[in-house]
Amino acid sequence: MLNKIMKLGGKKFSKSDQDNTSGVNTVVRSSRPTTAAAPPSSTGESQSAAPSPSQTPNHPMFTAPPSLEVLPLLKDVSSSDRPLLFMKKAHMCSCQCDFSDSLIMPREKEIKRQTLLELVDFLHSSSGKVNETMQSELIRMVSANMFRCLPPAHYENTGAPPEGNDPEEEEPYLEPWWPHLQLVYELLLRYVVSSEIEPKTAKKFINHTFVSRLLDLFDSEDPREREYLKTVLHRIYGKFIFHRPFIRCSIYNIFYKYLYETERCVGIGELLEILGSVINGFTVPMREEHVLYLVKAILPLHKSKGISIFHQQLSYCVVQFVEKDYKLADTVIRGLLKYWPLTNCNKEVLFLGELEEVLDVTEPSEFQHCVVPLFRQIGKCLNSANFQVAERALFLWNNEHIVGLIAENKDVIFPIIFEALERNMKGHWNQAVHGLSENVRRMFMEMDNELFEECEKRHLENEAKACELLEQREMTWKRLEEAASLAAN
């Protein structure tokens with residue numbers, strides 16, 4: 001038995017066996033090993049199968065690393081040769097060009113740019129359909145160009161804390177190889193919106209992994225790239241219904257990461273813009289899942305230090321929730337009060353503007369639930385030493401809908417606001433705030449003169465009590481000082 005095994009071990013390969021082995025090695029050395037070679041069976045016999053056109057060694061995806069060369073135009077070849085030429089061009093565009101110096105590879109850069117333009121035109125025109133193999137190579141090329149390591153933010157290079165930099169004042173970083181990257185994004189956009197591409201086929205390539213990596217690119221410092229990403233992701237959300245829950249969940253996870261980990265707000269505005277369109281399409285009554293994300297992910301964004309960058313989009317999303325379901329008004333208003341800024345006057349002005357938009361779509365029944373804490377906060381804003389905060393709070397009375405809500409609840413609101421208005425009339429340093437406070441006071445008097453006189457009487461009584469307490473306190477301190485001086489003597 002041992003001799004038999006030794007004889008088998010010393011057996012030489014036949015010519016056919018050598019040919020099969022060299023074929024496997026060719027695939028292993030491929031620059032794009034996306035299709036693994038079939039392993040030999042345990043008995044030493046090679047597995048043979050009829051190769052498909054996309055698995056032959058001559059197919060572009062199995063060639064050496066792509067090199068940029070001039071190829072025939074797609075319109076100049078026959079329809080039977082067009083798919084293979086399309087794949088070859090797509091594979092060729094996977095080659096990366098060095099944009100650190102404009103003098104490096106000028107010919108190759110222009111060849112790639114022209115090729116990408118041709119592919120964009122091909123997808124835009126109706127000259128031919130894109131089969132599954134062509135789609136696979138196209139998305140592979142798009143991934144090779146788009147998915148990359150992003151450069152660190154400015155504060156990550158300098159070591160300065162993120163809150164120490166104002167992103168609105170910094171010049172945006174511009175991607176040096178945008179001339180090619182823009183065409184790649186345009187190619188992906190044409191692919192997604194094309195009516196010739198069936199979602200059932202495209203979902204093999206535009207899968208969760210692809211969408212997840214696409215969302216990671218919202219960290220890009222280049223605003224042009226984020227604008228394209230916003231458009232592409234919105235189109236994917238609209239076309240691929242089965243991706244919608246995943247996209248929503250991934251966006252909320254980015255918000256969580258921003259709030260509790262990185263505090264890097266690049267791309268938050270664009271994601272909120274997408275979310276605004278998504279919320280607009282929610283059905284009524286709203287699902288519990290959406291309300292939960294409003295409370296846990298969207299409203300907490302108000303506590304961000306960089307809210308000024310994306311506040312407009314955030315405010316739109318919040319108002320959309322209230323417009324969709326009026327019962328969420330109380331939840332939203334209490335959420336704003338929870339994250340109301342204490343020392344940041346610019347942020348406070350933003351909150352007052354958003355509060356006006358929310359109150360403008362609030363129903364009277366929901367307004368009653370939060371009227372007391374709401375106008376306590378508005379009263380504090382009226383007495384703010386910062387004239388912009390006080391002025392913005394007084395501008396709420398220019399809104400007819402809000403004035404109507406106040407008139408329906410004047411018995412509760414007048415006593416809360418009256419003292420704040422009187423304080424402004426007597427002691428605020430800004431003349432504009434003084435004039436606006438007088439206008440609001442006059443409006444209250446016209447609404448209900450009896451209630452106004454009652455509030456005024458109560459205010460005078462409170463002032464008299466305050467003066468009496470002040471005198472008592474002064475007398476107590478005077479007696480303590482006299483007792484201390486006697487003890488010292």
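What you see below is based on every heavy atom in this structure, not just the backbone, and it leaves out hydrogens, waters and symmetry mates.
In this structure, K239 contributes its side chain and P199 its backbone to no donor-acceptor pair below 3.5 Å. The closest donor-acceptor contact from the side chain of K324 to the backbone of F282 lies under 3.5 Å. K89 places a side-chain N or O within 3.5 Å of a backbone atom of P72 that can act as its donor or acceptor partner. Of the possible donor and acceptor atoms, none in the side chain of Q388 sits under 3.5 Å from a partner among the backbone N and O of N346. For K230 (side chain) and I274 (main-chain N/O), no donor-acceptor pair under 3.5 Å exists by modelled atom type. Although no hydrogens or angles enter the test, the distance criterion places a donor-acceptor pair under 3.5 Å between the side chain of H401 and the main chain of T362. In terms of modelled atom types and a separation under 3.5 Å, the side chain of D325 and the main chain of F321 share no donor-acceptor contact. For the pair S315 (side chain) and H311 (backbone), a donor-acceptor distance under 3.5 Å is absent.
For K327, the NZ atom counts as loosely surrounded, since its 6.0 Å shell holds 12 or fewer non-hydrogen atoms of other residues, nucleotides or ligands. Heavy-atom contacts from other residues, nucleotides or ligands closer than 6.0 Å to CD of Q312 number 12 or fewer. The 12-atom threshold is not exceeded at CZ of R235, counting heavy atoms of other residues, nucleotides or ligands nearer than 6.0 Å. Around atom NZ of K303, more than 12 heavy atoms belonging to other residues, nucleotides or ligands sit under 6.0 Å away. Sparse packing is recorded around NZ of K380, with 12 or fewer heavy atoms of other residues, nucleotides or ligands lying under 6.0 Å away.
Note: F246 and H208 have parallel aromatic rings, judged against thresholds of 30 and 60 degrees for the angle between ring planes. Using cut-offs of 30° and 60° for the angle between ring planes, the F375 and F367 rings count as perpendicular. In this structure, Y185 and W178 have tilted ring planes: the angle between them lies in the 30° to 60° band.
Under the 4.5 Å side-chain criterion, counting only non-hydrogen atoms from C-beta, M92 is in contact with I111. When side chains are defined from C-beta on, V403 does not count as touching E400, because their heavy atoms never get closer than 4.5 Å. Contact check for L301 versus Y258: side-chain heavy atoms found under the 4.5 Å cut-off. Looking only at side-chain heavy atoms (C-beta outward), L215 and L271 come within less than 4.5 Å of each other. Looking at C249 and Y293, their side chains come closer than 4.5 Å, going by heavy atoms from C-beta outward. Using a 4.5 Å heavy-atom threshold, the side chains of L405 and P364 count as touching. Contact check for L275 versus I279: side-chain heavy atoms found under the 4.5 Å cut-off. V319 is not listed as a side-chain neighbour of D360, based on a closest heavy-atom distance of 4.5 Å or more.
Only one option out of L138, V142, L116, L187 pairs with C93 in a side-chain contact (heavy atoms from CB on, under 4.5 Å); it is L116.
To the nearest 0.5 Å, atom OG of residue S304 and atom CD1 of residue I309 are 7.5 Å apart. With rounding to the nearest 0.5 angstrom, the CG atom of L355 is 12.5 Å from the CG atom of L350. To the nearest 0.5 Å, atoms OG (S125) and CD (E196) are separated by 10.0 Å. From I247, atom CD1 reaches atom CZ of F240 across 9.0 Å, with rounding to the nearest 0.5 Å. Distance check, rounded to the nearest 0.5 Å: CE of M146 to CD1 of I139 gives 9.0 Å. Rounded to the nearest 0.5 angstrom, L374 CG and N409 CG are separated by 10.5 Å.
Shortest non-hydrogen contact noted between I333 and C370 is CD1-SG, 3.7 Å. The two residues L229 and L217 make their nearest non-hydrogen contact at CD1-O, 3.3 Å. Of all non-hydrogen atoms in R392 and G353, the two that sit nearest each other are NH2-CA, 3.5 Å. Between F310 and G269 the shortest heavy-atom distance is CB-CA, 3.7 Å. Taking every heavy atom of both residues into account, S220 and E225 meet most closely at OG-OE1, 2.8 Å. Smallest separation of non-hydrogen atoms from C345 and V389: O-CG2, 3.7 Å.
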- Apply side chain to side chain donor-acceptor pair (under 3.5 Å) to the pair Y256 and E261, showing each step before the final yes or no. CA-CA 8 Å; Y256 293 144; E261 293 181 20; over 6 Å; no
- Query: Yes or no on side-chain contact (heavy atoms from CB on, under 4.5 Å) for N439 and W397, after CA distance, side-chain angles and deciding distance?
  - Reply: CA-CA 9 Å; N439 292 338; W397 275 264; over 6 Å; no
- Task: Quick one: do K296 and Y252 satisfy side-chain contact (heavy atoms from CB on, under 4.5 Å)? Show the steps, please.
- Result: CA-CA 9 Å; K296 297 293 185 182; Y252 294 135; over 6 Å; no
- Using the side-chain contact (heavy atoms from CB on, under 4.5 Å) rule, take T231 and Y228 through it: C-alpha gap first, then chi angles, then the decisive distance, then the call. CA-CA 5 Å; T231 306; Y228 257 106; 5.5 Å; no
- Task: Evaluate the criterion side-chain contact (heavy atoms from CB on, under 4.5 Å) for residue pair L233 and V211; output intermediate values, then yes/no.
- Result: CA-CA 8 Å; L233 188 63; V211 172; 4.3 Å; yes
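Comment: D222 does not engage R226 in a salt bridge, judged by the lack of any side-chain N to carboxylate O separation of less than 4.0 angstrom. Between E198 and K204, no side-chain nitrogen of the basic residue sits less than 4.0 Å from a carboxylate oxygen of the acidic one, so the salt-bridge criterion is not met. For R224 and E227, the salt-bridge test fails: no basic side-chain N is under 4.0 Å from an acidic carboxylate O. The existence of a salt bridge linking E108 and K112 is excluded, since no basic side-chain nitrogen approaches an acidic carboxylate oxygen closer than 4.0 Å.
No side-chain donor from either of Q96 and H180 sits under 3.5 Å from a side-chain acceptor of the other. Side-chain contact of Y237 with R248: a donor-acceptor pair under 3.5 Å is present, judged by distance alone. Between the side chains of T201 and E132, no donor-acceptor pair of N or O atoms lies under 3.5 Å. A donor-acceptor pair shorter than 3.5 Å cannot be found between the side chains of E357 and Y316. For the residue pair N280/S277, the side-chain donor-acceptor check at 3.5 Å is not satisfied. In summary, the side chains of E366 and Y326 do not present any donor paired with an acceptor at a separation below 3.5 Å, with no hydrogens or angles considered. For the 3.5 Å distance criterion, the side chains of Q114 and E118 fail to qualify, holding no donor opposite an acceptor.
Relative to the ring axis of F242, K203 places its NZ or CZ within 45° and under 6.0 Å from the centre.
The ring of F205 has its center no closer than 6.0 angstrom to the ring center of F210.
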